[in-house]
2 protein chains.
Amino acid sequence: MSEPFAVVADPTRRRVLDLLRTRPRTVTELVDALGVSQPTVSKHLRVLREAGVVTVRAEAQRRWYELRPEPLAAIDDWLAPYRWMWADRLDTLGRHLDTMEDDPDA
Amino acid sequence: MSEPFAVVADPTRRRVLDLLRTRPRTVTELVDALGVSQPTVSKHLRVLREAGVVTVRAEAQRRWYELRPEPLAAIDDWLAPYRWMWADRLDTLGRHLDTMEDDPDA
DNA sequence: AGTGAACATGCCGCTTTATGTATATGCGGG
DNA sequence: CCCGCATATACATAAAGCGGCATGTTCACT
């Protein structure tokens with residue numbers, strides 16, 4: 001589970017990350033926003049923490065969870081060789097890639 | 001499992017996709033390259049097929065599996081808002097983020 | 001027709017995962 | 001000092017994922 005791919009495979013964890021993208025949040029905040037039980041949130045946060053995708057800062061009883069997105073770069077890196085393949089959908093968006101092609105009817 | 005995130009969560013399936021990135025392959029080719037049993041490969045291919053990430057072309061007994069990477073764009077789309085966050089790693093490391101802060105001793 | 005190659009599917013077992021309830025811990029306020 | 005809030009962990013459970021083996025199916029070739 002330590003790998004980033006497995007971490008973002010769960011929809012609830014993706015929602016957590018999306019929420020933390022705005023600003024750091026406490027566990028209670030996340031519980032309210034997600035609509036699942038507090039232990040469930042804590043367990044997802046544990047997974048995210050052990051994967052290095054979030055960090056915790058203790059403030060009295062509150063725990064502020066903050067996004068640390070660096071590990072997500074591994075996903076982006078894997079995805080990189082595929083990205084050009086759908087880049088030419090809908091619009092120009094990658095039209096400049098065609099400079100590498102010898103397509104005569106373009 | 002239909003969602004792209006779950007599809008790429010499995011390392012074997014990522015290897016399959018990486019192999020298909022070069023060119024279409026038959027099941028036997030993939031079995032040889034992956035070192036797992038043929039039924040296992042067939043099952044992974046089923047998952048990839050149902051997720052729309054690969055297509056099949058029958059040629060006699062051979063089945064040529066071809067990459068169809070469009071569904072992977074969903075992963076890329078989700079990742080997009082995070083991408084800038086690690087773009088400036090190694091150097092100034094988010095120095096421009098400090099413009100939002102009212103930190104006097106920065 | 002028979003045989004073997006290529007592939008899919010069924011079945012079984014094992015491990016992991018996701019979630020809930022119940023309980024422990026830590027801290028601040030009265 | 002005791003109580004309640006915030007969070008983590010323990011325990012139980014149901015479900016899903018991955019793997020292999022055995023078997024079915026289809027087709028080319030002789």
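Just so it is clear: chains get the letters A, B, ... in the order the sequence lines come, proteins before strands, and each one is counted from 1.
- Side-chain atoms of A:Arg62 never come within 3.5 Å of backbone atoms of A:Thr26 as a donor-acceptor pair (strictly under, hydrogens ignored).
- D:dT25 atom C1' lies 17 Å from atom CZ of B:Arg62, rounded to whole Å.
- Contact between the side-chain N/O atoms of B:Thr26 and the OP1/OP2 oxygens of C:dA5 is not found at any separation under 4.0 Å.
- For the pair B:Pro39 and A:Arg63, both in contact range of DNA chain D, the more 5′-proximal nearest nucleotide belongs to A:Arg63.
- Spacing between atom CG of B:Asp32 and atom C1' of C:dA6 amounts to 12 Å, rounded to whole angstrom units.
- The CZ-C1' distance, from B:Arg49 to C:dC7, rounds to 10 Å in whole Å.
- Each of A:Thr40 and B:Trp64 has a nearest nucleotide on DNA chain C; the 5'-most of these lies closest to B:Trp64.
- Comparing D:dT7, D:dC5, C:dT9 by their nearest atom to the side chain of A:Val27 picks out D:dT7.
- Side-chain nitrogen and oxygen atoms of B:Thr12 include none within less than 4.0 Å of the OP1 or OP2 phosphate oxygen of D:dG17.
- Counting only heavy atoms from C-beta on, A:Lys43 has its side chain closest to C:dG20 among C:dG20, C:dA18, C:dT9.
- A sub-4.0 Å separation between OP1 or OP2 of C:dG20 and a side-chain N or O of A:Ser37 is present.
- When distances are taken from the side chain of B:His44 to each of C:dA18, C:dG28, D:dC18, the shortest belongs to D:dC18.
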Open item on the list: For a ring pair (Phe, Tyr, Trp, His ring centres under 6.0 Å) check, start with the C-alpha distance between B:Trp78 and B:Tyr82, then their side-chain angles and the critical distance, and finish with the verdict.
Closed with: CA-CA 8 Å; B:Trp78 180 83; B:Tyr82 297 86; 4.7 Å; yes

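- A distance-only check finds no donor-acceptor pair linking the side chain of A:Arg25 to the backbone of A:Leu20 [under 3.5 Å].
- A:Arg14 contributes a side-chain N or O that, together with a main-chain N or O of A:Val8, makes up a donor-acceptor pair within less than 3.5 Å.
- Separating the CZ atom of B:Arg14 from the P atom of D:dC18 is a distance of 11 Å, rounded to the nearest angstrom.
- Taking atom CD on A:Gln61 and atom P on D:dG4, their separation rounds to 14 Å, with Å as the unit.
- B:Tyr65 has a side-chain polar atom (N or O) that falls below the 4.0 Å cut-off from OP1 or OP2 of C:dA8.
- Between the A:Arg57 side chain and the A:Trp64 main chain, no donor and acceptor come within less than 3.5 Å of each other.
- Computed from coordinates, the A:Leu48 CG to C:dT17 P distance equals 13 Å when rounded to whole Å.
- Judged by distance alone, with hydrogens and angles left aside, B:Gln38 brings no side-chain donor or acceptor close enough to the base of C:dA6 to form a pair under 3.5 Å.
- In this structure, the CZ atom of B:Arg57 is 16 Å from the C1' atom of C:dC7, given to the nearest Å.
- Summarising the geometry, the separation between CD on B:Glu59 and P on C:dC7 is reported as 10 Å, rounded to the nearest angstrom.
- Comparing atom distances between the B:Ser42 side chain and each of C:dC7, D:dC18, C:dT19 picks out C:dC7 as nearest.
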